[in-house]
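Okay, structure first, notes after.
Labels below follow one simple rule: chain letters A, B, ... track the order of the sequence lines, proteins then strands, and each chain is numbered from 1. Keep in mind the model is a prediction, meaning the values are calculated, not measured.
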Amino acid sequence: MSFDVAAVRGQFPILSEIIDGLPVHYLDNGASAQTPLAVMDAVRHYETTSRANVLRGVHRLAERATEAYENARARVASFLGVPTMEVVFTGGCTAAINLVAFSYGSLLKPGDRILLSEIEHHSNIVPWQLLRSRSGIELEMLPVTTDGRIDLSALPRFLTPKTKLVSLAHVSNVTGALLDVRAVVEAAKSVGAKVMIDGAQRAPHGPLDLPSLGIDFYAFAGHKAYGPNGIGVLWGRPELMEAMPPFMGGGSMIGRVTLAETTWAPSPRRFEAGTPAIGPAIGLGAACAWMQALDWAGAHDHEMALVQRLMDGLQKIEGTRLFGPASLQNRYPVVSFMLDGVHPHDVAQTLDSFGVAVRAGHHCAQPLMDRFDLDGTTRVSMAPYNDNSDIDALLAGVAHAAKTLR
Amino acid sequence: MSDQLYQERIVALAKAKTGAGKLENPTRTVRRDNPLCGDRVILDIRLDGQGRIAELGHQVRGCLLCQASASALSAVAVGRDAAGVAELRHDAERALGREPGDTHEPFDAFAPVASHKSRQECVLLPLEALKDALS
Ligand SMILES: Cc1ncc(COP(=O)(O)O)c(C=O)c1O
């Protein structure tokens, strides 16, 4: 049976909004995805039947809230293919990376090296730069190929016994390129380095099997994966997490507090100081369950057909150039392009007047833009609920921009 | 298609590229970046003996609005001192609906940007750069 886009779209009320007479052609999923009714229902259910703080109270609402919160953890764990108690809720993907940079980073010594790449989102660069200024570690950057992939052939050159961690994007938020994680892990292991993967752009495209990847840390954001804002996830290998000091201090993360000394609770509590984002965590649990129920083989074929339709259409508009892999292999539905003579912001603004939402600019990847001397790109990022009409509206808008703005 | 931000006058200003390019012997060169969108303006100015702009050259790496604004500015900046440039800034602010009052050529062309708050900095960037250059 072919993938039923209409049925998926029906679960996202915002896609049938009409704004200023225009339909919603939402192609900015890489920035934030839309959220299905199942997620809104789960959050509403918590707020209307179970709202209380977690882990502390003995009353019935507190019991309900705690159960819902821990169920959400189980759902996220199932989505990632890991044991429930290995999942840490964070404030987002950025917060998860900062947690590792702080807590794992505090175990590193001056002269230790961390390997990143030129394709990384600022949130997988800046936390490491902050660590560098705190602790004197060194940062190195893997180069990027002209088709927008991290150049793994450079790995042997950069990996040394001083390399303690390699932290890379699973899927690029600019080019959609998928990283060959196993190749990275194999190379990193040969020098004893750990591997962290920024899954912000991969998680929205279906369940994962983290153990099979052999990595040490994985981070993603709830709002890009059809969940609420203000919630994200860190998975870490238990023996590493147990060795790491807390990121923040407060309630819930302690073993025992005396004025002289405090002992830490085991992970995940150690890394969830204070009252967590309970409603958003429950929403993210529902989003993970929603994703797990989707036919991803069908969804992926559908997304790739949209990518092909987009690439074919862009090629017919004079002066467009793709930045990223030209093929459908090892990629996800994030496509960046330039229109010669028209600035990306002007492309995006024109598209808005066609009801099409895209992102334009540097995509929080300025080092990548500098490397390829780009003013920025226009980025089309898709989700399973996008359809041909979204792509066709976009192509009409780009053609209009090409005709009127240069 | 809905509201048109890129009306003919704005597009014409951008395409005119008035004042685009470097100056041979600038008195001052300033660079201004918009960290949010990455737009960048480099301005060269040559001043006369009284602190008035004798010549101006701009290099814009940015969107159409930023280019149009630099072009508009170049068309009317010559002969102005810092106070005169501040007047232009007020004119632009009025066109964008951020200050009350009437606006004049050429900045009145930016009135369509009044309803696009996120794009107003693009229009103001060249004016910011010129203010820096004169301070
Ligand atoms: C690849 C990548 N990493 C990290 C992030 C940061 O996510 P958040 O801002 O939700 O924490 C993003 C978001 O744009 C991203 O695309």
Side-chain angles (χ1 to χ4, degrees), chain A residues 17-25 28 31 122 126 174 338-379 393-406, chain B residues 1-18 20-21 31-42 58-72 95-97 109-126 128-129:
Chain A
E17 278 290 290
I18 301 288
I19 305 176
D20 300 333
L22 293 165
V24 172
H25 295 294
D28 193 19
H122 294 165
V126 184
V174 180
M338 286 79 71
L339 176 61
D340 286 341
V342 184
H343 193 278
H345 285 137
D346 299 321
V347 176
Q349 189 82 58
T350 303
L351 288 173
D352 176 65
S353 63
F354 283 73
V356 178
V358 297
R359 184 82 178 274
H362 54 60
H363 314 296
C364 296
Q366 278 176 342
L368 183 68
M369 299 296 130
D370 290 347
R371 160 70 182 77
F372 288 96
D373 196 29
L374 298 172
D375 287 340
T377 73
T378 303
R379 180 186 72 180
L394 176 128
L395 291 169
V398 176
H400 183 80
K403 201 170 76 200
T404 56
L405 298 187
R406 59 178 185 189
Chain B
M1 252 177 54
S2 75
D3 67 324
Q4 257 298 16
L5 175 58
Y6 300 113
Q7 295 188 358
E8 258 168 58
R9 283 186 62 204
I10 295 183
V11 176
L13 277 169
K15 285 185 180 166
K17 293 194 188 306
T18 309
R31 172 181 162 163
R32 262 277 185 162
D33 288 88
N34 178 342
L36 285 181
C37 66
D39 281 359
R40 177 210 301 166
V41 175
I42 298 174
H58 62 81
Q59 299 157 70
V60 173
R61 196 162 174 175
C63 65
L64 190 107
L65 295 179
C66 191
Q67 292 173 29
S69 170
S71 197
L96 298 175
F110 294 98
V113 192
S115 55
H116 293 266
K117 239 186 158 350
S118 63
R119 302 299 303 280
Q120 295 179 356
E121 296 307 316
C122 310
V123 177
L124 296 175
L125 194 67
E128 293 275 324

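- Scanning all heavy atoms of the two residues, the minimum distance from B:Val11 to A:Thr404 falls at CG1-O, 3.8 Å.
- Counting heavy-atom pairs closer than 4.5 Å to chain A, the top-ranked of the candidates B:Glu8, B:Gln67, B:Lys15, B:Arg40 is B:Lys15.
- With a threshold of 4.5 angstrom between heavy atoms, A:Leu374 approaches chain B through N, CA, C or O but not through any side-chain atom.
- Between chain B and the residues A:Met369, A:Arg406, A:Gln366, the most heavy-atom pairs under 4.5 angstrom are made by A:Arg406.
- Side chains of B:Asp39 and A:His345 form a contact here, defined as non-hydrogen atoms less than 4.5 Å apart.
- Here the closest heavy-atom approach between residue A:His343 and residue B:Leu64 is recorded as CB-N, 4.5 Å.
- Closest approach of B:Leu65 and A:Asp346 over heavy atoms only: N-OD1, 4.3 Å.
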